[in-house]
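Just below is one structure, and these are the notes that go with it.
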Amino acid sequence: MEKMQFKAESKRLLEMMINSIYSQKEIFLRELISNASDAIDKIYYRALTDESLTFDQDSYYIKVSPDKNNRILRIMDAGIGMTKEELENNLGVIAKSGSLSFKNETEAKDGHDIIGQFGVGFYSAFMVADVVTVISKALGSETAYKWESAGADGYTIEPYEKESVGTEILLKIKENIEEESYDEYLEEYRLKAIIKKYSDFIRYPIKMDISGRRPKEGSEDDFEDYTEEQVINSMVPIWRKNKNELTPEDYENFYNEKHYGFDKPLKHIHINVDGAVRYNAILFIPEKIPFDYYTQEFEKGLELYSNGVLIMNKCADLLPDHFSFVKGMVDSDDLSLNISREILQHDRQLKLIAKNISKKIKSELQSLLKNERDRYEEFYKSFGRQLKFGVYSDFGANKETLQDLLLFYSSKEKKLVTLDEYVSRMPEEQKYIYYASGESNERIEKLPQTEMVAEKGFEILYFTDDIDEFAIKMLMAYIDKQFKSVSSGDLGIEAEDKDSNDQADQGENKELFEYMKNILAGKVKDVRASKRLRSHPVCLATDGEVTIEMEKVLQAMPNNQNIQAEKVLEINPNHEVFNSLKESFKNDKDKANLYTSLLYNQALLIEGLPLQDPVEFTNDICKIMV
Ligand code: ADP
Ligand code: MG
């Protein structure tokens with residue numbers, strides 16, 4: 001028996017790979033099962049084209065058998081097998097892939113199906129085994145051979161007895177070491193779980209002898225051990241099936257089996273694309289928010305399969321952040337994988353798939369919005385915030401995609417409306433899309449600032465989410481209609497009594513407003529006669545981009561940079577209180593000071609802003625009472 005050396009560079013590669021390429025040892029089983037499946041593919045393909053060969057369908061299976069006592073894990077297939085030369089060439093040199101050259105010869109000339117291109121999958125066996133033995137008999141060959149290796153040292157090869165065509169791989173599982181247990185790779189339940197996880201959709205049955213204990217027939221307290229052969233994998237992936245064959249329950253079961261969520265999916269999206277890039281996908285929009293959704297811990301991503309084999313649990317690149325709530329999987333044969341199948345080397349295909357998926361999700365949401373408004377609103381309650389966040393983030397890069405999916409509560413309709421619905425109802429003289437911000441719809445309803453706009457008969461959108469104003473600032477306009485806060489300095493409405501208000505601003509009142517402005521120096525930028533107030537005496541408005549609601553949000557942020565709104569105190573010149581104010585300004589400056597401070601504090605309260613000195617405020621009120 002001759003001892004062969006691995007090629008020098010292989011030796012180093014082998015060591016490197018064993019120690020670093022794969023992040024999880026358990027994937028060795030995925031690799032060996034994939035190889036077995038490839039080998040059956042080859043014999044199957046041969047049988048299709050060579051009439052002299054006939055094969056029994058039943059022999060196309062893979063068997064996994066652990067032998068705890070001897071620490072041997074055996075993986076058997078009745079595939080095409082390997083000749084002596086093939087054993088040497090395929091298993092003796094790293095980075096030469098047999099499956100690639102086979103596929104090149106036969107079907108995939110256009111570069112599809114390049115899984116295993118690099119041919120190192122087999123060596124992952126050394127992550128869990130001290131010694132790997134391969135006994136193989138090639139189709140059409142008289143002799144079988146045994147290849148054996150204890151790792152980087154090299155391998156031996158010798159003739160061996162084997163009846164049937166195919167390959168048997170025997171792994172001598174490593175002894176446990178302190179930081180790593182290898183026993184698990186001999187446990188039925190563990191092997192079963194690994195097969196389910198990675199190889200559930202291998203198209204040939206993967207069989208295991210599963211043992212158990214059961215009551216003896218006709219007896220209640222007498223038990224017997226038994227062993228029964230089970231098929232572990234489900235074989236036909238639901239995403240490869242025809243949509244017409246599948247019921248909503250099938251999708252629901254899949255959602256639950258895959259543990260995508262504990263709820264029922266609100267909507268499923270089944271995609272079969274056969275274009276420039278080929279892929280199948282099943283996506284779900286969940287019904288309920290995952291408990292950790294709006295936290296740092298939440299990880300977005302879809303399961304990624306290559307040709308039915310799980311490659312990645314959560315491929316984040318497949319989902320944009322604004323659709324991070326989507327669950328599901330993608331399977332494509334067109335992916336370029338690196339040697340470990342873990343990181344994708346060229347992500348051109350992946351990018352195409354991601355783009356495509358994003359479009360599908362959008363159009364599904366749009367049709368939900370159009371055809372099943374109730375369910376869309378249900379969805380929006382959970383994930384609307386994420387959509388608005390999507391409008392805001394990346395400097396508005398996705399605003400076009402998302403703007404038609406937004407909903408806001410409408411002052412007129414008393415329900416959620418789209419921007420399109422709002423704009424299509426706008427009277428001709430209305431220049432802006434008006435909005436008001438506050439804690440709740442009820443509070444916004446009572447804001448004095450809304451009076452004038454509402455009286456004009458203009459619809460107001462209520463913003464109750466932190467993110468709303470920021471998103472809208474990023475949006476800037478919807479179909480060339482700009483957004484305008486009802487608190488903004490200039491409302492863009494021609495007031496009927498404009499003249500009288502302008503007068504109130506000038507002339508005799510100018511002095512009063514200047515006086516008040518001095519008293520409130522540092523607190524407000526200006527004091528003006530209001531054009532938006534009707535019944536209320538006072539309110540705060542803002543000049544500039546930052547509104548009071550935005551200031552609140554910014555102040556609450558961990559990296560608070562003390563950004564302030566440019567506040568303007570607006571006084572209603574038609575309110576009785578204004579007369580008292582004027583009166584005091586003429587005759588009693590102390591009173592004028594008191595009134596100014598009271599009015600300012602009232603405006604703060606209406607806005608839900610904290611009073612700087614609540615005690616002084618109550619004292620001030622008492623002063624007027626006595
Ligand atoms: P790849 O699968 O990417 O080709 P591997 O390292 O997994 O790379 O396998 C190397 C080669 O060894 C395969 O291409 C195949 O030719 C051969 N091989 C491995 N396992 C088997 C098997 N069970 N039956 C037949 N050939 C096999
Ligand atoms: Mg392989």
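Since the model is a prediction, treat every value here as computed from it, not as a measurement. One-based numbering, in listed order, for ligands and for the atoms of each. Positions are given from 1 along the sequence. All values below were derived from every heavy atom in this structure, side-chain atoms included, with hydrogens, water molecules and symmetry-related copies excluded.
The ligand atoms of ligand 1 that sit less than 4.0 angstrom from a heavy atom of Gly121 are 5 (P), 6 (O), 7 (O).
Under 4.0 Å from ligand 1, not a single heavy atom of Ile169 appears. By the criterion of a heavy-atom distance under 4.0 Å, the side chain of Leu91, and not its backbone, is placed next to ligand 1. The side chain of Lys42, and not its backbone, has at least one atom closer than 4.0 Å to an atom of ligand 1 (non-hydrogen atoms only; side chain from C-beta on).
In summary, the aromatic rings of Tyr204 and Tyr61 are positioned with their centroids too far apart to meet the 6.0 Å limit. Taking the ring centroids of Phe28 and Phe126, they lie at or beyond the 6.0 Å cut-off. Aromatic pair His268/Phe254: ring centres not closer than 6.0 Å.
Taking only nitrogen or oxygen atoms, main chain and side chain alike, Asn90 reaches within less than 3.5 Å of ligand 1.
When the heavy atoms of Glu86, Glu168, Glu31, Met82 are ranked by distance to atom 18 (N) of ligand 1, first place goes to Met82.
Using bins of under 30°, 30° to 60° and over 60° for the plane-to-plane angle, the ring pair Phe325/Phe379 lands in the perpendicular bin. Tyr185 and Tyr182 have tilted rings, their planes meeting at an angle from 30° to 60° on a 0 to 90° scale.
The cationic group of Arg240 does not satisfy the cation-pi geometry with Phe201, failing either the under 6.0 Å distance to the six-membered ring centre or the 45° limit from the ring axis.
Residue Asp77 places a heavy atom under 4.0 Å from ligand 1.
In summary, Ser34 places no N/O/S atom under 2.8 Å from the Mg ion (ligand 2), failing the contact criterion.
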